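Please read all numbers here as calculations on a predicted model, not as lab measurements.
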Amino acid sequence: MKPRRLTINPSQPVSDPLLPRGLMARIGYLLNRPALQIRQRAQGILSPMGLIPPHVAVLSTLHTEGPLTQRALGQWLKIDPTTMVWLIDALEKKGVVRRDAHPQDRRAYLIKLTPSGEALFRQANKQLDQMDKEFLAPLSKNEQGDLRRLLIKLFRNLTTQGFK
């Protein structure tokens, strides 16, 4: 059986009291509310580990891409340089990342995961994977893939303080 496509017509009454008709056409609202909910859930999961969602973004990127400079991390994650320094300082203080001298640029440091950082990343990632699975449960596998592809497309177009 083929899943039924949801068509939205803001002029028709809505049987769902959680989504007012006037907001059905507002992309910002439709993106923000689910993002807010998932961020709150992620914060609840990560808080006992002493992490916040941007920490996991850094750990995840270092896990998959290997050591990077703060500048490269900030550009990839669309995080401004001041915030990036704050995030790396906090993670370094926890002992989950370290700054090593860059082999080609004496002015830069490479940010690397420590063994405890790898372990913390795996723990956080496992719990966040389960959260994602629960959050996306109303969508079919195809819809989940479509959503992911569309969000990546939008993410690639973001700008943050001069980063593109």
May I ask you to check whether over 12 heavy atoms, not counting those of Y109, lie within 6.0 Å of atom OH? no
Is any side-chain heavy atom of L36 closer than 4.5 Å to one of R39? no
Say you draw a straight line from CG of L110 to CD of Q70; how long is it, rounded to the nearest 0.5 Å? 10.5 Å
Mind running side chain to side chain contact (heavy atoms under 4.5 Å, CB included) on Q37 and F135 for me, showing each step along the way? CA-CA 9 Å; Q37 183 181 35; F135 186 78; 3.5 Å; yes
In Å and rounded to the nearest 0.5 Å, what is the CG to CD distance from L120 to Q123? 6.0 Å
If hydrophobic clusters are built from ILVMFWY residues whose side chains come within less than 4.5 Å, do L62 and V85 share one? no
Does the side chain of T114 come within less than 4.5 Å of V97's, by heavy atoms? no
Salt-bridge test for R99 and E92: reply yes if a basic N is under 4.0 Å from a carboxylate O, no otherwise. yes
Salt-bridged, K141 to D146, with N to O below 4.0 Å? no
Test item: S116 side-chain N/O and G95 main-chain N/O as donor-acceptor pair under 3.5 Å: yes
Check ring-ring contact (aromatic ring centres under 6.0 Å, His included) between F121 and all other residues, then give those that pass, not counting sequence neighbours. H63
Hey, quick one: are I27 and L147 part of the same hydrophobic cluster, counting side-chain heavy atoms closer than 4.5 Å, chains of contacts allowed? yes
So, for G50 and H55, which heavy atoms are closest and what is the spacing to 0.1 Å? O-ND1, 4.1 Å
Stepwise side chain to side chain contact (heavy atoms under 4.5 Å, CB included) check, L51 with K94: CA-CA 10 Å; L51 298 173; K94 288 181 66 59; 4.1 Å; yes
A side-chain contact here means heavy atoms from C-beta on lying under 4.5 Å apart; do N125 and L59 qualify? no
Could you walk me through whether L30 and L23 satisfy the side chain to side chain contact (heavy atoms under 4.5 Å, CB included) test, starting with their C-alpha distance in whole Å, then the side-chain angles of each, then the deciding distance to 0.1 Å, before giving a yes or no? CA-CA 8 Å; L30 294 172; L23 296 174; over 6 Å; no
Any side-chain heavy-atom pair from R71 and P81 closer than 4.5 angstrom? no
Working for side chain to side chain contact (heavy atoms under 4.5 Å, CB included), residues T83 and D80: CA-CA 6 Å; T83 302; D80 69 84; 2.9 Å; yes
Please report the interatomic distance CD(Q144) to CG(L139), rounded to the nearest 0.5 Å. 5.5 Å
In this structure, CG of L154 is separated from CZ of R156 (nearest 0.5 Å) by 11.0 Å
Between D129 and K126, is there a side-chain N and carboxylate O pair less than 4.0 Å apart? no
Any chance you could measure I88, atom CD1, to T69, atom OG1, to the nearest 0.5 Å? 10.0 Å
Among pairs that include at least one residue of residues 80-103, which meet ring-ring contact (aromatic ring centres under 6.0 Å, His included), considering only residues two or more places apart or in two chains? none
Min side-chain heavy-atom separation M24-Y29 under 4.5 Å: no
Any side-chain heavy-atom pair of M131 and I45 under 4.5 Å: yes
Check: L136 and E143 side chains under 4.5 Å, non-hydrogen atoms: no
So OG1 of T61 and CD1 of I111: to nearest 0.5 Å the spacing works out to 12.5 Å
